[in-house]
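Numbered from 1 within each chain, the chains take letters A, B, ... in sequence-line order.
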Amino acid sequence: MTEESRNKTHAGKLGYSFRRHMHERLIEALLLLSAMLSIAIMLAIIVMLVKESFVFFQHVSVWEFITDTQWTPLFDDAHYGIMPLVSGTVVSSLIALLVALPLGTIIAIYLSEFAPFTVREMAKPFLELLGGVPTVVYGYFALLFVTPMLQIIFPELPGFNLLSAGLVMGIMIIPYVSSMTEDAMRAVPMNLREGSYAMGATRFQTAIRVVMPAAFSGIAAAYILGISRAVGETMVVAIAAGMQPNLTWNPMEPAATITAYIVQVSLGDLPHGSIGYQTIFAAGLTLLLITLVFNIIGHILRKRYREIY
Amino acid sequence: MKRMNDLEEIRIIIGLHKRWDLIFMITGIIALMIAVLTFMALFAHMLIDGMPRLSWDFFTSFPSRRPESAGILSAWVGTTLVMLVTAVAAVPLGIGSGVYLEEYAAKNLLTEIIEINVTNLAGVPSIIYGLLALGLFVYQLGFGQSILAAGLALALLILPVVIVATREAIRSIPVSIREGAYALGATKWQTVSDHLLPYSSAGILTGIIIGLARAIGETAPIITIGALTFIAFLPPSPVKSEFPYISFEWLTAPFTVMPIQMFNWVSRPEEAFQLNAAAAGLVLVVMTLAMNGLAIYLRYRMRKNIKW
């Protein structure tokens, strides 16, 4: 190989190469395409739910959907009021949040401000494992363990009830709330704590009056995530709360949530395009709108919290 | 304001405040214990009920009307095949989007929309993915109530998990590695495929395992697409004795999965079936815990070994 040709090949490798350029562009396009897919999924979800709901709302007026107090779409005497499903969802979510938010917050404060290193290193993975247990298993636990336990205290409690479903759902959500809250509290710079300690504050005072307010929007985002989990949870309520749509605010009664109704209908064999088929999309749209509102609030809060320091 | 010259008085005040510290410590430990004990109770209850049912026959029998001879053969075969589809669909798409968002994307409106959207998708209830799959895959695209439709539904569900894990793993690689590669004349893709992806593989793998562990336990989206709760046959085998040796017929076969089999047994009034549910739950929990445990272990190892 002469000196000249060697220089030429080097120039060929280092200089602009059309093939190499096209190869790069092709890969970038493919990667962009896979990133765009997430938008396509979101659009597909919305289009699908709105399309089927649109047909549904031609049969049933929106007013009836919101104000009717009965939900019996599969009976001969059909009523299409979403309220019974919403009340079940709200009651079970409230119970879950009454368990998950205080306990999750206390665990987070304890782990982030009080616990020794080894306890924290052991507790965090354990909580993650707790969050990984399949929801159908939690449903089994609520129906066959928690409900009988509660019946010892409240003998008149029916086998299916919102209370035990809500309690177990709350335990299930603790890991989500506690791990995000702890992350938010740990992100608070050390010098804020040091300043507080230097003023003579105790750990508890520092945690409550300095660290929590500083991490406020992160903690709020964690709470919102917890709410949206509780509203969208399916299997625990479908198994333990019964599946009768029942307009009640009493946690001691059986009731159905929006998600439980969708499961119930899917278990039967509904013909494609029937009104029953469309009701699950209308119910799903309601559910999506509720969780979307919470997700957007959570997103705004998280964004604000990132900008604090 | 009261002057506190008296040392004794200050000590008392400090003592009172310290007592609150102690009280909160105890509250914190109790709260943690409630979570731990609940899990213990759940596991113990399932173990006591389900353990006697766990035998070789339980894994190799089809579900049956007689609870004593019912098993989970069709359920675990179904779960395995559905997971296969989920992984094949979610892994390349998730890693691809993660790499794009972290390495290629310019800071513009489109990137921001994609990012907000990924966060939003992670917050969409799983049953909504089921409705999407029912409308889109089962009816619009005509896949039917098949393994393919279920696998794709779960793939969409875990996509955000894989994307976020990929991004975090790639982000933690220092810029000097990229600069080194570029300085030697590597193209962007060469940098990504020869350096960034191999170095972040442990982190990405952790995300994939956590995502699949979640998918194994998901029931709602698969019920929604209309998976059957009683299946006494297996999908066609993917391996054949004659040419071309591999068959994809199983993709369109009806199926059931572990959580649905368990749900079916829980919802029956007979107590004997509930013992089966406990046994199936035990298998399910051990499977997901093992996967989550593996992911946590991988992350721990990774943190220990890599010092950039």
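- Comparing B:V99, B:I29, B:V118, B:V192 by heavy-atom pairs within less than 4.5 Å of chain A, the highest count is held by B:I29.
- In this structure, A:Y197 places its OH atom where more than 12 heavy-atom neighbours from other residues, nucleotides or ligands lie under 6.0 Å away.
- Heavy atoms closer than 4.5 Å to chain B are found in both the backbone and the side chain of A:L103.
- By number of non-hydrogen pairs under 4.5 angstrom with chain A, the leading residue of B:I95, B:D49, B:I225, B:V36 is B:V36.
- Both the backbone and the side chain of A:T202 come within contact range of chain B, with heavy atoms under 4.5 Å apart.
- The most heavy-atom pairs under 4.5 Å with chain B, out of A:T259, A:I39, A:T291, come from A:I39.
- Residues B:G135 and A:Y277 come closest through the heavy atom pair CA-OH, 4.0 Å.
- Of the listed residues (B:T288, B:L131, B:N292), the one with the most heavy-atom contacts under 4.5 Å to chain A is B:L131.
- Your options are B:T111, B:L101, B:I14, B:I116, and the one with the most heavy-atom pairs under 4.5 Å with chain A is B:I116.
- Ranked by heavy-atom pairs under 4.5 Å with chain A, the first of B:L93, B:L289, B:L42, B:V266 is B:L42.
- The choice from B:L156, B:V138, B:L32 that makes the most heavy-atom pairs within less than 4.5 Å of chain A is B:L32.
- For A:L49, the part sitting under 4.5 Å from any heavy atom of chain B is the side chain, from C-beta outward, and nothing else.
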(request) Kindly indicate, with the supporting measurements, whether the criterion salt bridge (charged side-chain N to carboxylate O under 4.0 Å, His left out) is fulfilled by A:E24 and A:R20. (result) CA-CA 6 Å; A:E24 284 291 313; A:R20 194 163 123 150; over 6 Å; no
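- Within the 4.5 angstrom heavy-atom criterion, only side-chain atoms of A:L143, from C-beta onward, approach chain B.
- Residue contact with chain B, scored on non-hydrogen atoms closer than 4.5 Å, is absent for A:F294.
- Dense packing is recorded around CD of B:E270, with more than 12 heavy atoms of other residues, nucleotides or ligands lying under 6.0 Å away.
- Ring pair B:F24/A:F114 is tilted by interplanar angle, where 30° to 60° counts as tilted.
- The cationic group of A:K51 does not satisfy the cation-pi geometry with A:F281, failing either the under 6.0 Å distance to the six-membered ring centre or the 45° limit from the ring axis.
- Contact of A:A123 with chain B is made through the side chain alone, with heavy-atom distances under 4.5 Å.
- Proximity to chain B (any heavy atom under 4.5 Å) is shown, for A:S38, by both the backbone and the side chain.
- Of the atoms belonging to A:K124, not a single heavy atom falls under 4.5 Å from chain B.
- With chain B as partner, the option from A:V168, A:L33, A:I106 having the largest number of non-hydrogen pairs under 4.5 angstrom is A:I106.
- For A:M243, the part sitting under 4.5 Å from any heavy atom of chain B is the side chain, from C-beta outward, and nothing else.
- Using a 4.5 Å cut-off between heavy atoms, A:L37 touches chain B through its side chain atoms alone.
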